[in-house]
Student: 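One structure follows; several queries about it will come next.
All values below come from the heavy atoms of this structure, side chains included, with hydrogens, waters and symmetry mates left out. For ligands, and for the atoms within them, numbers begin at 1 and follow the listed sequence.
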Amino acid sequence: MLKNNQKTHASFGTRLVHAEPVDERHHGALSMPIYQVSTFHQFSLSEPGRYDYSRSGNPTREALEQAIADLEGGYAGFAFSSGMAAISSVFCLFKTDDEILLSDDIYGGTYRAITKLFPRFGIQAKFVNTTDINAVRDAITPATRAVFLESPSNPQMNITDIEAVCRLAKQHNLLTIVDNTFMTPYLQQPLRLGADIVVHSATKYIGGHSDVVGGLVVAAEKELAEEIGFIQNAFGAILGPQDSWLLLRGLKTLKVRMDQHEKSARRIAEWLDNHSAVERVYYPGLAHHPGHELAAVQAAGFGGIISFSLRNVEQVESFLNQITLPAIAVSLGAVESIVTYPARMSHASIPEAKRKQMGVTDTLLRLSVGLEEPDDLIHDFEQAFRCMGFASSDVRTYGNISVSK
Ligand SMILES: *Cc1c(COP(=O)(O)O)cnc(C)c1O
């Protein structure tokens, strides 16, 4: 385990490997034991032990919570039973007549919770293009309490200037909450850009292996952390010890996975960008992406998610029928490549008019680039495009792609 004074010097990849606290209480075990336990013996009524009941605290979950707080640079971390449990628990900070501003292309589940569930408790949502700081400023009213954003957003991969939004939010006494699922703390640390709360669907890159559903929250400051700790215990949507352990394990390989996801994504994005079967590619790593320069400054990488549109709906269907390597599924961030059809899958819970306005058209696909050899993925897409009637010669610059090996 890294001592505190070593942490400030160690590179982030090293910190990921050593994020898990190693402790004499656990005989120095290098992998945190799974405390599969609901309750703890109270040896002394006057001096209860550190843990009493696993909803309130569990050693395995706490190791994960400490690790994510450390990696995001926050005061305290909290693990929840899903990304949505984490996000909904954060929304529980607000009360009747409070208003929250959200990116207008927010994750579908977040959209559902904030437009269908939380209005029952008088909490109102207002959607705004957070990539336009003036639009955010104009949307603030005396009832506004927070700005909730995703950068990159999904599926268009829009980039919001997190630091600028945080500065504006502070001037108006608003909290800034950033869903950092797509970037992970390895590529982006919103608290360092001024955010108050970071949330994650740890189901995605942090877990990384399509085998666990979980959510994480990190609060920058003590007061906010205490409030979220209260909600976590009162509302009770905690992560179990076994799943906490899986996320701890995921963190240890996060760097090597993210490095490869991104390297492959860059290559595949360029390839798709040059293929005439593809109408448009949305990937912040491409120079023509409107958020490219901002992403390059605010994050340490562009991540592994690419969206692209085909030329018509029929082609979407043939493409999905022809590809063999990626799973066709919701979710992302796994070792396997996953192709999602947002209009009918991840964003299906959003009304059609709103969906179109968000840029989720009927021809848009999202690819979470996995850890397969990128050439194998390219060959798979190439054979699918060929079956759809596009010749290999439609690949305009296939030979010119610069690959850094
Ligand atoms: C998947 C996802 C969520 C929801 O997380 P679950 O673990 O599925 O509940 C929230 N935000 C983003 C950006 C996601 O991709």
Student: At a 4.0 Å cut-off, with the gap strictly under it, does some heavy atom of G214 reach an atom of ligand 1?
Tutor: yes

Student: Is it possible for you to check whether K354 lies under 6.0 Å from the centre of the six-membered ring of F127, through NZ or CZ, and within 45° of that ring's axis?
Tutor: yes

Student: Is the closest N or O pair between E150 and ligand 1 shorter than 3.5 Å?
Tutor: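 For ligand 1, there is no N or O atom that lies under 3.5 Å from one belonging to E150.
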
Student: Examine F182 against ligand 1 and note whether any of their N/O atoms are separated by less than 3.5 Å.
Tutor: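 No - when backbone and side-chain N and O of F182 are compared with those of ligand 1, no distance drops under 3.5 Å.
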
Student: Ignoring hydrogens and geometry, is there a side-chain-to-backbone donor-acceptor pair from T184 to M258 under 3.5 Å?
Tutor: no

Student: Of the listed options (I106, D179, T203, V330), which comes nearest to atom 7 (O) of ligand 1 when hydrogens are ignored and any heavy atom counts?
Tutor: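 Answer by nearest heavy atom: T203.
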
Student: So if I count the atoms of ligand 1 from 1 in the order they appear, which ones are less than 4.0 Å from some heavy atom of S82?
Tutor: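 In order of number, 7 (O), 9 (O).
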
Student: Could you say whether the N/O atoms of I87 and ligand 1 ever approach to under 3.5 Å?
Tutor: no

Student: Could you check whether any side-chain N or O of Q298 sits under 3.5 Å from a backbone N or O of T160, counting only pairs where one atom can act as donor and the other as acceptor?
Tutor: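 Looks like yes, one N/O pair under 3.5 Å.
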
Student: Can K204 be said to sit on top of Y107's aromatic six-ring, NZ or CZ under 6.0 Å from centre and within 45° of the ring axis?
Tutor: yes

Student: Which bit of N154 is near ligand 1, meaning a heavy atom under 4.0 Å away: side chain, backbone, both or neither?
Tutor: neither

Student: Name all residues meeting the side-chain contact (heavy atoms from CB on, under 4.5 Å) criterion together with R120; count only those two or more places apart in sequence or in a different chain, and write none if there are none.
Tutor: L117

